[in-house]
Amino acid sequence: MPTLFAFSRLLLVPVLSVCVLAQGISPYPNAITDRSMKAQTPMAPPSVGMVFHDPDFGSSMVRVTDANTNPKAPGSYFRNPAPDANEFSPDNRKFYVSGANTTLLAFGFEPGTMAISSLPGADGGGGLRLPFRAGPTFSYLDSDLMYGTVPKTPLTISTYRFSSGKTSPLFDTTKCDTHPALVAGPKVSSSDLTLSADDNRIQISAGGNQFGSRPFVIVYDKKLGCRWYNTQTGEVGGQWGATGTINAPDRFLVNHSKISGNGQYARVAVGRTGFYIWDIATLNLQPCLYKSKGAKCKGYGSVGYDTYINAPGGVDELNTVRRPLSDLTDLTALIDPLPLPHYFGMEKHFAWSNGRVNSNVPICGATYSPTGNVEIKQPYDGEIFCIETDGLASTVWRFAHNRAVWDAEYYWTEPVGNLSLDGRFYIFTSGWDNQVGLDKHGDPRTDVWIIKLD
């Protein structure tokens, strides 16, 4: 891959780029970048596999799933995994979606035509069932390879090859020599598997039976071995790096954790409190707590190669800041100055898989009403967008209405999305204005959609 020298307000260093993005050349030349009001045109959900255009912005889109996609659970929902998973293969020719009953289905994809196809071994010509639990991730380097954990051994990091259909154990985290020992059992599992951009380091949170109850952040380095941090005791150990007690007095259980693209840092989130950045080879832990004045730690965010971006809101719903993971106090506004009038009312979900390779590529996402209000009253309401991150300008690219209606009882009705590594495709969850129906339990269904960003 080529190396580009990209200027930002934060740094002047060589950065790895997956394509020519944001360095003075518009990555999305056909996108709308003004603040004009775009009313939402009523539209029935198109059929699966049919490429269509958003009637208000013109972007090309395709529907991935419907009530018949999983014949073993007809009428069930589909959604995207958490935004930190690599949902697309590096060549964009495969992707996967999550379904009811922990079903994971992979499909073929033709980037030029947006055609969706079955992969070898798929049941009945539909989606290929993956052997993992929720939240696997494609390799950053190998389009034939995925990483995840399987149901019978949730504490073992495993790989899966599409060409052979073979699942292989890579590392058993119970062998990491944690204190106390991590022991497999019916109420012990893991989550949050994320990769560094070179595939060398793999991070998971482990212990407990669900997120919010896990005491360990574990990082496996393919060359150096395993390293761990017990967030309940503050103890840090492993086969490499500093060992001892973390430098901060805070003790907590892990809500979610993820590794940075350069493999140096882990973001460790704590429910209703905020998050911490652990410099993995050290005993250094930086807090970013909601109650800290001026820290701007609230709002959904994403970890990049060496940077964290989040939208703390406040003066405007698109107010978005970036900060180096080495210094969480060094804030830079991505939209500066925020134009008038200021807009309020929307929440944001971000996707930035390609940001794990290059922290200067645009960050993308979707806005949605936190009250489930379907009315489009102002620019950016219920939209899919990207924001420039390189500091050269404050561009916001707008692509489509996402037509997601959030129901507070069902978290995944939010328009959670993921980006392809070249930044050209955004895959997202939507109930399409509640038109995709209900499941057999009377709960709202959601389906998965892909939009081309150009």
### Message
Less than 3.5 Å apart, any donor N or O on the side chain of Thr371 or Asn373 sitting next to an acceptor on the other?
### Response
no
### Message
Does either side chain, that of Arg93 or that of Ser143, offer a donor lying less than 3.5 Å from an acceptor on the other one?
### Response
no
### Message
I'd like to know if the side chain of Ser59 reaches the main chain of Ala400, judged simply by a donor and an acceptor atom lying under 3.5 Å from each other, with no hydrogens or angles considered.
### Response
no
### Task
Would you please say whether a donor-acceptor pair under 3.5 Å links the side chains of Glu383 and Thr367?
no
### Task
Quick one: which residue pairs count as a salt bridge (charged side-chain N to carboxylate O under 4.0 Å, His left out) with a foot in residues 157-181, not counting sequence neighbours?
Asp142-Arg161, Asp144-Arg161
#### Entry: Side-chain (Asp84) to main-chain (Asp192) donor-acceptor, under 3.5 angstrom
no
### side chain to side chain contact (heavy atoms under 4.5 Å, CB included) partner of Leu285, the single match among Ile277, Asp279, Thr231, Asn247
Asn247
### Task
Classify the ring geometry between Phe350 and Phe385 as parallel (under 30°), tilted (30 to 60°) or perpendicular (over 60°).
perpendicular
#### Entry: Cationic N near anionic O, under 4.0 Å, Asp221 to Arg201
yes
### Query
Taking atom types as modelled, is there a side-chain donor on Arg424 or Asn354 under 3.5 Å from an acceptor on the other?
no
### Query
At their closest point, which heavy atom of Pro444 faces which heavy atom of Leu438, and how far apart are they?
CA-CD2, 3.8 Å
### Flag, side chain of Asp199 to backbone of Tyr140, donor-acceptor distance under 3.5 Å
yes
### Query
Any side-chain donor-acceptor pair under 3.5 Å between Ser189 and Arg214?
yes
### Message
Could you check whether Thr446 and Arg79, counting side-chain N and O atoms only, form a donor-acceptor pair closer than 3.5 Å?
### Response
no
### Task
Could you verify whether a donor N or O on one side chain and an acceptor N or O on the other, from Asn310 and Arg323, lie under 3.5 Å apart?
yes
### Task
Ignoring hydrogens and angles, state whether a donor on the side chain of Ser353 or Glu87 is under 3.5 Å from an acceptor on the partner side chain.
no
### Message
If I take atom CZ from residue Phe78 and atom CG from residue Asn70, how far apart are they, to the nearest 0.5 angstrom?
### Response
4.5 Å
### Task
Please state whether the rings of Trp449 and Phe428 are parallel, tilted or perpendicular, taking 30° and 60° as the class boundaries.
parallel
### Side chains of Thr413 and Asp407, donor plus acceptor under 3.5 Å
no
### Task
For residues Ser76 and Asn101, determine if any side-chain heavy atom of one lies less than 4.5 Å from a side-chain heavy atom of the other.
no
### Message
Below 30° counts as parallel, above 60° as perpendicular, anything between as tilted: where do the rings of His349 and Tyr411 land?
### Response
perpendicular
### Side-chain (Arg267) to main-chain (Val303) donor-acceptor, under 3.5 angstrom
no
#### Entry: From Arg403 atom CZ to Asp433 atom CG, the distance as rounded to the nearest 0.5 Å
5.5 Å
### Task
Applying ring pair (Phe, Tyr, Trp, His ring centres under 6.0 Å) between Phe138 and each of Phe162, Phe95, Phe132, report the one that passes.
Phe162
